[in-house]
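Data first, discussion second: the structure below is written as structure tokens.
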Amino acid sequence: MDLGLRGKKAIVTGATKGIGRAIVEQLVAEGAEVGFCARSEDEVAEAVTALKAKGGHVIGGAVNVRDGEAYKAWLEATARALGGCDVFVPNVSAGGGMDSEKNWWKNFEIDVLHTVRGCEALMEDLKKSGQGAVVIISSTNAIETFAAPMAYNAMKAALITYAKQLSQFVGKHNVRVNALSPGPVYFEGGAWEMIKGTNQKFYDATLRAIPCGRFGTPEEVARVVAFLASPAASLITGANVVADNGFTKGVRY
Ligand SMILES: NC(=O)c1ccc[n+]([C@@H]2O[C@H](COP(=O)([O-])OP(=O)(O)OC[C@H]3O[C@@H](n4cnc5c(N)ncnc54)[C@H](OP(=O)(O)O)[C@@H]3O)[C@@H](O)[C@H]2O)c1
């Protein structure tokens with residue numbers, strides 16, 4: 001199936017490693033032109049070089065999405081450099097943790113505000129696209145009890161509500177907005193590798209909760225993002241798509 005992403009302009013946040021990196025690679029493989037960011041300048045430069053070596057049309061920038069002004073300036077400059085924006089994937093998260101109130105501010109500013117600021121900064125471009133699509137990266141932690149009452153889980157839930165309501169608001173401009181909730185995703189250097197090393201019991205219990213007994217991969221998540229971002233998913237908006245290999249147990253209808 002041709003997803004129809006060839007020539008589309010996409011912006012992805014937090015994409016030098018893990019799920020974000022796989023999303024950029026998948027969008028590039030589908031023929032999209034992609035702008036992405038992360039904080040580490042060296043890692044952005046490495047990713048740009050690697051993706052260009054594969055023939056990708058990419059531009060990268062070093063920015064901390066928590067810095068509202070710098071982030072907005074980066075988004076605007078990237079959209080101008082690409083010649084517009086058809087697809088936006090806010091992917092950065094502050095991650096889990098419940099050691100202090102600081103986590104709540106961090107998860108609010110990074111998970112929620114960076115998504116909202118990004119949608120607002122890019123909305124005119126997304127409207128002009130005629131086939132605009134936003135894919136907000138949430139988590140199964142938002143929809144089922146997981147681990148502890150963490151800011152991460154609550155803020156990921158806020159993103160699902162935001163995606164639904166934004167989709168209603170901008171639907172008349174042919175902009176689709178969806179949330180995507182991956183279950184546990186394992187990759188080298190990622191959170192689950194760290195958990196495996198520090199809390200083997202929790203890691204094993206999580207693995208046992210996945211019926212086929214394996215974690216997801218960044219590439220599997222990236223393929224769902226590419227579909228949702230593409231004109232091939234023209235009927236899907238306001239959804240929270242769960243991609244978790246059966247990790248969640250709730251029946252939703
Ligand atoms: N991994 C999982 O099991 C899992 C499961 C469900 C949902 N998710 C969600 O999927 C998304 C990606 O997760 P991941 O595990 O791939 O993350 P990750 O391995 O921590 O990668 C995060 C990426 O974002 C960049 N980044 C981090 N903070 C940033 C900031 N403040 N500003 C700009 N860039 C920043 C990192 O580079 P720098 O450090 O250089 O900035 C890196 O490129 C997150 O929204 C996460 O909540 C993950």
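We count ligands from 1, going down the list as the structure has it; atoms in each ligand are counted the same way.
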What do you reckon, does [X] put a non-hydrogen atom under 4.0 Å from ligand 1?
X: Val63; value: yes
X: Gly183; value: yes
X: Ser138; value: yes
X: Tyr71; value: no
X: Ala15; value: yes

Note: [X]-[Y] ion pair, threshold 4.0 Å (strictly below):
X: Lys106; Y: Glu101; value: no
X: Lys72; Y: Glu76; value: yes
X: Glu109; Y: Arg117; value: no
X: Arg223; Y: Glu219; value: no
X: Glu144; Y: Lys249; value: no

Judged by modelled atom types alone, do [X] and [Y] share a side-chain donor-acceptor pair under 3.5 Å?
X: Thr217; Y: Glu220; answer: yes
X: Asn107; Y: Asp111; answer: yes
X: Asp244; Y: Thr140; answer: no

Close-contact set for ligand 1 against [X] heavy atoms, below 4.0 Å:
X: Ser139; answer: 6 (C), 7 (C)
X: Trp192; answer: 3 (O)
X: Asn64; answer: 30 (C), 31 (N), 32 (N)
X: Ser40; answer: 40 (O)

Could you tell me whether [X] approaches ligand 1 through its side chain, its backbone, both or neither, with non-hydrogen atoms closer than 4.0 Å?
X: Tyr186; answer: neither
X: Pro218; answer: neither
X: Pro184; answer: backbone
X: Lys156; answer: side chain

Nearest-neighbour protein heavy atom for [atom], which is reported as residue plus atom name and distance:
atom: atom 3 (O) of ligand 1; answer: Val185 N, 2.8 Å
atom: atom 14 (P) of ligand 1; answer: Phe187 CZ, 3.9 Å
atom: atom 13 (O) of ligand 1; answer: Ile19 CD1, 4.0 Å
atom: atom 47 (O) of ligand 1; answer: Tyr152 OH, 2.6 Å

Please determine if Gly20 has a nitrogen or oxygen closer than 3.5 Å to a nitrogen or oxygen of ligand 1.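 Such a contact does not occur with ligand 1.
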
Arg66 N/O to ligand 1 N/O under 3.5 Å: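 The answer is no, given that Arg66 and ligand 1 share no N or O pair closer than 3.5 Å.
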
Could you work out, for atom 30 (C) of ligand 1, the closest of Arg39, Glu41, His114 by heavy-atom distance? Arg39

Compare Ile137, Asn91, Asp244 and give the one whose heavy atom is closest to atom 44 (C) of ligand 1. Asn91

Protein heavy atom under 4.0 angstrom of atom 20 (O) of ligand 1, is there one?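 No, there is no protein heavy atom closer to it than 4.0 Å.
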
Is any heavy atom of the protein nearer than 4.0 Å to atom 41 (O) of ligand 1?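 Neighbour list for atom 41 (O) of ligand 1 includes protein heavy atoms (cut-off 4.0 Å).
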
Rounded distance [0.5 Å steps], CZ in Phe36 versus CG in Asn91: 12.0 Å

For the atom pair CG (Leu113) and CE (Met155), what is the distance rounded to the nearest 0.5 Å? 9.5 Å

Is the shortest side-chain heavy-atom distance between Val34 and His57 below 4.5 Å?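 They are not in contact (no side-chain heavy atoms under 4.5 Å apart), so the answer is no.
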
Within the structure provided, determine whether Ser139 and Ser181 are in side-chain contact (heavy-atom separation under 4.5 Å).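 Contact flag for Ser139/Ser181 side chains = no.
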
Under 6.0 Å from the CD atom of Glu46, do we count more than 12 heavy atoms belonging to anything else shown?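 Buried by this count: over 12 neighbours within 6.0 Å.
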
